[in-house]
Amino acid sequence: MARVLVRPGHAPSPAASVRHALGRGVDWVLARLPVSPPGLRSPLGTRVRDADPVVLLFQSGANEAAVRRTLEALPALCSAAEVRVVLVVDRPHLAAARRSGVPVELLPDREAWERRRGEPLWQELVQHRLTIMRRDYAAASTVQIPENGLGSVDVPELAAMLRANPMVRRHRAKWRRSVCAVMRVIDRPVAR
Amino acid sequence: MTTTPRDSGKTVLYVSTNGAGLGHITRLLALARRARAGVRPYFVSMSQAVPVVAAHGVDAEYIPSRSDLGIGTRRWNILFRRRFLDLLEQERPVAVVFDGTYPYDGLVAGRSIMPDLRFVWSRRGMWRAGSGSRQLSRSRWFDLVIEPGDFAAEADRGLTAARTDALRVSPVTLLDHAELLGREEAAAMLGTDPTRPTALVTLGTTGVANLEAGLGRLADRLSKINDFQIVVTRSMIADNRGPVPATLRQISVYPISRALRAIDLAVAAAGYNSFHELLKFGVPSAFLPNSNAPLDDQVARAEWAERTGVGLHIEAFDDRAVDRIATELGDPGSRREFAVRCARLPKANGAAEAQRVVEDLVAGRRHGTRAR
């Protein structure tokens, strides 16, 4: 990496080197902290806190109307369960999520994936990618919702299940709130 | 997870930032669709416009941008690095072509797992004067820097203008002349009447002050001249749909350039793609620079167009601008003169040239840089 970053004959100043090393140290810690990133967007009209646990909501095979139904139900779910949500879809209905203020992840299309690889490995891909996302967001839980969306789900019941979920509860620990507050100072979220 | 794509071609990974519009992803798509047999393009984009790539038959993935997520730079860089390395393991590309104004930290992390991976930066010029020195210093990360040409290059007052580290190609557009639809087909694509003159308003994703009022005035003035119909584009990545008079037709079509033969005049932002598509395909245009584009000197492009007579430069969508548009572009004779001047612009599409250069790099054939 040093070979790439430092041009011969242009050695960085000692101060710059120290700053760079400190920055790398901070990144090393941040990459390993099991705390969700502060500033993660939340559905419009929802009051969430940085320290609220993150839940991945996976909705597979949904058309745009079904995704919209989910988006409409999210403010109530997030408020009742006191969680932040990242919506994971496998159809490119990104615009609706953006307008609702909901962070969205897009998995590759199943048919295109399997055609490209010639074998039915899409489920493996889904598990692999969800694992990465859980780590990236330090998510407390992953919930797969019906293709029809949250419109067909008892949202208060789901909220109650999430509140009672042991991992979600563990993610409410005080130390996480403190770490989140420090992270917000070190790594400022996008201004709203 | 490591899976190997079934076909035996060499994969080239095209990485685009989100950007204010679809410029970055469109320029990369222009290259990728000209890939020769044996080269498999695969897109990774931070833009929510990534579905347009799939619509062109190219596989694509989306990594949420920092602004999409709202999180801090450090956490986002960590996320990007993880995802990018995972994609490198998945696709095992021979080259990465990046189009954006700020090469991410995580990009070069790929070298640690794939030392032979070639890195290319598609680095558009026309940066705002004095801006971007930090990102420009990252040019040294790349095996090759390609600068998509700009018709307005002589007006470039940014930091890249004096650089000699880039291979400059002709201006890059997604489509060539032969790919444009005839007027009737194009009108069908837009939902317009091919027998009536048509104005296109395409002002990008950033809000324009008094847009609704401006559109109303424009519609009023043009309808009195020649029964113009007006279509207004709605960007697929815009956060809000913006107020548009109900009498006007709103469309969300990609690429709009395919339908330009059905357009008789345009009012457009002066972003790279709109600017070059409209001028290259001879559409008399008024350019309203997007002054909020962080690094893109759209003002310089628009001023150049005015100075050389290939377009108008308007500074706001106000009464004065509408008068100019109606007077200078509303008249068929005047429009023909603009079209004649546009026809004198270079016609070569740098997309094919840029893609060849990338493929040559992968094959071990080097190109020197070329000054303007």
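Below, read A as the first sequence line, B as the second, and so on, with proteins coming before strands; counting in each chain starts at 1.
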Heavy-atom proximity to chain A below 4.5 Å, by part of B:Arg74: both
Among side-chain atoms of A:Gln59 and A:Thr70, is any donor-acceptor pair under 3.5 angstrom? yes
When you check the side-chain N and O atoms of B:Tyr62 and A:Glu105, is any donor under 3.5 Å from an acceptor? no
Does a donor on one side chain and an acceptor on the other come within less than 3.5 Å for B:Thr11 and B:Arg40? yes
A:Asn63 side chain to A:His93 side chain, donor-acceptor N/O pair below 3.5 angstrom: no
At a 4.5 Å cut-off on heavy atoms, which part of A:Val26 comes close to chain B: side chain, backbone, both, or neither? side chain
Could you have a look at A:Gly23, A:Pro103, A:Ala112 and say which one has the most heavy-atom pairs with chain B under 4.5 angstrom? A:Gly23
Strictly by modelled atom types, are B:Ser16 and B:Asp99 linked by a side-chain donor-acceptor pair under 3.5 Å? no
Distance only, no hydrogens: is a donor on one side chain within 3.5 Å (strictly under) of an acceptor on the other, for B:Tyr104 and B:Thr17? no
Between B:Pro64, B:Gly72, B:Ala60, which has the largest tally of heavy atom pairs under 4.5 Å with chain A? B:Gly72
Examine whether an atom of A:Ser36 lies under 4.5 Å from a heavy atom of chain B, and if so say whether it belongs to the side chain, the backbone or both; otherwise answer neither. backbone
Which portion of B:Arg138 sits near chain A, non-hydrogen atoms under 4.5 angstrom: neither
Could you give the distance from OG (B:Ser274) to CD1 (B:Ile256), rounded to the nearest 0.5 Å? 9.5 Å
What is the ring orientation for B:Trp121 with B:Phe98, classed by angle as parallel under 30°, tilted 30 to 60°, or perpendicular over 60°? tilted
Proximal component of B:Thr73, with respect to chain A [non-hydrogen, under 4.5 Å]: both
Can you list the residues of residues 132-152 of chain A that sit under 4.5 Å from chain B, counting heavy atoms only? A:Ile132, A:Met133, A:Arg135, A:Asp136, A:Tyr137
Interatomic spacing from CG in A:Leu162 to CE in A:Met167 - rounded to 0.5 Å: 13.0 Å
